[in-house]
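Residue numbering restarts at 1 for every chain, and letters A, B, ... go by the order of the sequence lines.
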Amino acid sequence: MEMHSKKRIEILLEAPAQKRLTDLLDRLDVTGYTVMPVLGGKGHHGVWSREGLPSAAGTMVSVSVIAAEERLDQVLEPVFDLVRRHIGIVTISDVMVIRGERF
Amino acid sequence: MSILDLAVQNLASPMVLFFALGVAAALIRSDLAVPEAAAKLLALYLMLAIGFKGGAEVSKSGLDSAMALTIGAGILLSFLIPLAGYFFIRMSTRLGAIDAAAVAAHYGSISIVTFVAATEVVKGLGLAYEGYLIAVAAVMETPAIVAALLLARRAQPKGQAGESMGALLREVATNGSIVILVGAFFIGWITGERGMSMISPFIVDPFRGILCLFLLDMGLVAGRGLRQGARELSPPLIAFGIYFPLVSASLAAALAVPLGLSVGGAALFITLAASASYIAVPAAMRLALPEANPAIYLTLSLGVTFPFNLSLGIPLYAAVAQRIAG
């Protein structure tokens, strides 16, 4: 099967800033993104868990975007500019997709 | 009833004991947990119920100038309390300006669950209260955030304070908890006694039980926060979490008499001023002042001030109201 090489940008971000990130991705005209809840974890600010919290503060979400390599910097720079002030991690990995024309 | 009797009666109430159970369960690392979606639903229920009851009360008592004056006093307090709080924190602790402003915002804003718990104490004393205090609670959420941002901007390097105040306030004002509280208030106001009789089996009868479940969850979150975040709190900061609500309560008590509030109303108005937010403001601070450490303001507000108000503060505010108002 023919596969196409793309980049996956994964942004683990504190939940209150999620709307800002997805609004930014909309403005950047990315072809799509996926938002996933994250159960809990441990980082620079200690252990965290979404259990029992009535507020978005203290919870995290994961947003993943698949983009063509030539668009990577165009998306990454404004995204990192937003994430820099918040609790979050941005990672980039190589992925293979089947329908290359979609990204 | 003496302050001591009131405090003992309050400490032995199911609400306070379920909160204590939650704290204890978290401290002994029990796997007892309330799922996040259930916690959000419980909070929605409490805000819907308290908002509706307040609106229904206003439809019975009608509008008067006291309502407008009390709303104005609430806005003023919510703006002034963070300024005082910031001053106390900067004088007595080593917190930086940004963290101090973020903590101050929590103390100027209100905790609707502390208010709900206080309504139970007021009702237990056989006292009535002005339904429009729900509207006062709603307007006291945001001015504190404005005050804190103004304080923080003085300390931020130029160019970093890029947050648009207008955009942030829109986000806070359209926050789900405020929309449901204010919306339910208006629905209660419009539908009045007829509406109340239609949904009272849902919003009156199960209210205390659901409040117990929510407080159990708050105890679990507070206990977890204390276990993990206690090292962020210095003794002067913990002391602030206990004495500063009394400072805010004194300011509100001084206003409650000229406002002509009833004894129950004065107790709730004082409680609003003394309470510290842990739902709306933490989320707003993550957007407005992301450099501030959330472990400090969340642990202080939910782990220190909320239990203090729930156990000793509310009976004290009710006792003060009994002496000054009515």
Counting only non-hydrogen atoms closer than 4.5 Å, does B:I279 touch chain A with its backbone (N, CA, C, O), its side chain (CB onward), both, or neither?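 For B:I279, backbone and side chain are both near chain A.
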Residue B:M218 versus chain A: region with a heavy atom under 4.5 Å: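 Side chain of B:M218 only, per the 4.5 Å heavy-atom cut-off to chain A.
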Heavy-atom count around [X] [atom1] within 6.0 Å, excluding the residue itself: above 12?
| X | atom1 | answer |
| --- | --- | --- |
| A:I92 | CD1 | yes |
| B:F18 | CZ | no |
| A:E69 | CD | no |

Just how far is it from atom CD of B:Q228 to atom NZ of A:K42, taken to the nearest 0.5 Å?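 Reported to 0.5 Å precision, the distance equals 9.5 Å.
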Under a 4.5 Å heavy-atom cut-off, does chain B meet the side chain of A:S49, its backbone, both or neither?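 For A:S49, the contact with chain B is made by backbone and side chain together.
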Toward chain B, the part of A:E14 with a non-hydrogen atom under 4.5 Å: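 Side chain only.
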Which of B:A284, B:P282, B:A283 touches chain A most, by non-hydrogen pairs under 4.5 Å: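 Sorted descending by pairs with chain A, the first entry is B:A283.
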Side chain of A:H86, backbone of B:P290: donor and acceptor closer than 3.5 Å?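 No; zero donor-acceptor contacts below 3.5 Å.
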Heavy atoms only: give me the nearest B:E291-A:R85 pair and the separation to one decimal.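 Smallest interatomic distance, heavy atoms only, reads OE2-NE, 2.7 Å.
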Between A:P16 and B:L287, which heavy-atom pair has the shortest distance, and what is it?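 So the two residues come closest at O-CD2, 3.3 Å.
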Counting heavy-atom pairs under 4.5 Å with chain B, which one of A:A57, A:A56, A:G58 comes out on top?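 Ranked by heavy-atom pairs under 4.5 Å with chain B, first place is A:A57.
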